[in-house]
Amino acid sequence: NPVTRFRAATLGCGLAATIHALTVGTVSEWPGLVEELLVTALGGRGGPVQPHNVPEALDLAFFLFLEQKYEDAERLLTQVYDLKETLLGPQHPETLMAVHNLALAMIASGKKAGATVLLRNNLQVREEVLGLTHKETLSSLSTLALLEGVMSRHEQAEELLSMLFERSIEALGPTHPRTLITAHNLAALQFALGRVEAAEAALRRVAEACEAELPSGQSQESPAA
């Protein structure tokens, strides 16, 4: 949907760019207009990313994702990562976020093996710098588990999902939506691997926690007719 893509892509472009894209050309031309506006904000195509235009570079990379220009997005995000690492150091949270974004671009462009290496290294550093239960560390775990599953490395995916499940319970609680999603994903994988008892245990654990939070006197049973 061009309108949806336009609205998402112009979130960081500024009011002037938004008005310009709305008032010039037809709906079908909006993606091209937005891309040109972002390229102009960067100082032209192929120009190096500078500290002052990193937000525009991220906007353009996001837009390129929407337009399925994954390799272009990857090249741009590589520049952002190199710049962050040079200016802030390899362990700065912004550098770690740049690595994560670059890995996502690599996944989209089909470079799953390289993305796996980046994500594993990034997870290790985030654990050391941010902590085991930090939201960005949990994000790394979730992305890596998904990627391992896509690559049919189910044992590794199960290990990561189990770790994510335990850490989510600690950081968010057993009834948080993200914890429940992780429990569902873990149980689904374990069922597929034939580990029925482990899957049932994970689901029972969150089900009991949810039931414990119900108001007194309320049960999961349907009311009598």
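If you're wondering where the values come from, they're calculated on a predicted model, not measured in any experiment. Values below: every heavy atom of this structure, side chains too, minus hydrogens, waters and symmetry copies.
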Query raised in the report: Between Leu144 and Arg120, which heavy-atom pair has the shortest distance, and what is it?
Result: CD2-CG, 3.5 Å
Query raised in the report: Is Arg178 atom CZ crowded by more than 12 heavy atoms from other residues, nucleotides or ligands, each under 6.0 Å away?
Result: no
Query raised in the report: Which distance, rounded to the nearest 0.5 Å, do you find between the CG of Leu123 and the CG of Leu160?
Result: 7.5 Å
Query raised in the report: Where is the tightest heavy-atom contact between Leu64 and Ala73, given as atom of each residue plus distance?
Result: CD1-N, 3.8 Å
Query raised in the report: Passes side chain to side chain contact (heavy atoms under 4.5 Å, CB included), Leu102 versus Glu74? Steps please.
Result: CA-CA 6 Å; Leu102 175 57; Glu74 181 188 344; 3.9 Å; yes
Report task. Report the distance from atom OG of Ser168 to atom CG of Leu141, rounding to the nearest 0.5 Å. Result -> 8.0 Å
Query raised in the report: With the 4.5 Å side-chain cut-off for hydrophobic clustering, are Leu146 and Val117 part of the same group?
Result: no
Query - ILVMFWY cluster, Val80 and Leu88 together (side-chain gap under 4.5 Å) - result: yes
Query raised in the report: Would you say Thr175's side chain and Ala209's backbone share a donor-acceptor pair under 3.5 angstrom?
Result: no
Query raised in the report: Do His154 and Gln190 touch side chain to side chain, with heavy atoms closer than 4.5 Å?
Result: no
Report summary line: With sequence neighbours left out, the residues meeting side-chain contact (heavy atoms from CB on, under 4.5 Å) with Leu130 are Pro93, Arg126, His134, Glu136, Thr137
Requested in this report: Output all residues satisfying salt bridge (Lys or Arg N to Asp or Glu O under 4.0 Å) with Arg204, sequence neighbours left out; order by chain, then residue number.
Outcome: none
**Report entry** Cluster check Leu77, Val54: I/L/V/M/F/W/Y, side chain < 4.5 angstrom
**Finding:** yes
Query raised in the report: In Å, rounded to the nearest 0.5 Å, how long is the span from CG of Leu164 to OG1 of Thr182?
Result: 4.0 Å
Query raised in the report: Are the side chain of Ser109 and the backbone N or O of Met106 linked by a donor-acceptor pair below 3.5 Å?
Result: yes
Query - Pairs meeting criterion ring-ring contact (aromatic ring centres under 6.0 Å, His included) with involvement of residues 70-112, two or more places apart - result: Phe65-Tyr70
Query - Atom CD of Glu159: over 12 foreign heavy atoms under 6.0 Å - result: no
Report summary line: Residues Asp82 and Thr86: closest non-hydrogen pair is O-OG1, 2.9 Å
Report task. Not counting sequence neighbours, which residues clear side-chain hydrogen bond (donor to acceptor under 3.5 Å, both in side chains) with Thr78? List them please. Result -> none
Query - Reported CG-to-CG distance for the pair Leu58 and Asn101, which is rounded to 0.5 angstrom - result: 7.0 Å
Report task. Spell out, as yes or no, whether a donor-acceptor pair under 3.5 Å connects the side chain of Ser142 to the backbone of Leu138. Result -> no
Query raised in the report: Do Asn122 side-chain atoms and Val99 backbone N/O form a donor-acceptor pair below 3.5 Å?
Result: no
Query - For Thr179, all residues meeting side-chain hydrogen bond (donor to acceptor under 3.5 Å, both in side chains), sequence neighbours excluded - result: none
Query - Flag, side chain of Ser139 to backbone of Lys135, donor-acceptor distance under 3.5 Å - result: no
Report summary line: Looking only at heavy atoms, the pair that brings Gly89 and Thr95 closest together is O-OG1, 2.8 Å
Query raised in the report: Going through the checks in order, is the side chain to side chain contact (heavy atoms under 4.5 Å, CB included) test met by Leu87 and Glu94?
Result: CA-CA 10 Å; Leu87 294 178; Glu94 290 186 22; over 6 Å; no
Query - Nearest non-hydrogen partners of Leu96 and Gln91, listed with the distance - result: CD1-O, 3.8 Å
Query raised in the report: When hydrophobic residues are tied together by side-chain contacts of less than 4.5 Å, even through go-betweens, does Phe165 share a cluster with Leu193?
Result: yes
Report task. Please examine the side chains of Lys112 and Val150, heavy atoms only from C-beta on, and report whether any two atoms are closer than 4.5 Å. Result -> yes
Query - Spacing of Ile107 atom CD1 and Leu147 atom CG [to the nearest 0.5 Å] - result: 4.5 Å
Query raised in the report: With no hydrogens and no angle check, is any side-chain donor or acceptor of Glu148 less than 3.5 Å from a backbone partner on Ala157?
Result: no
Query raised in the report: In Å and rounded to the nearest 0.5 Å, what is the CG to CD distance from Leu76 to Glu71?
Result: 13.5 Å
Query raised in the report: Under a 4.5 Å side-chain heavy-atom rule over Ile, Leu, Val, Met, Phe, Trp and Tyr, are Ile169 and Met163 clustered together?
Result: yes
Query raised in the report: With Glu166, which residues qualify under side-chain hydrogen bond (donor to acceptor under 3.5 Å, both in side chains), at least two apart?
Result: Arg205
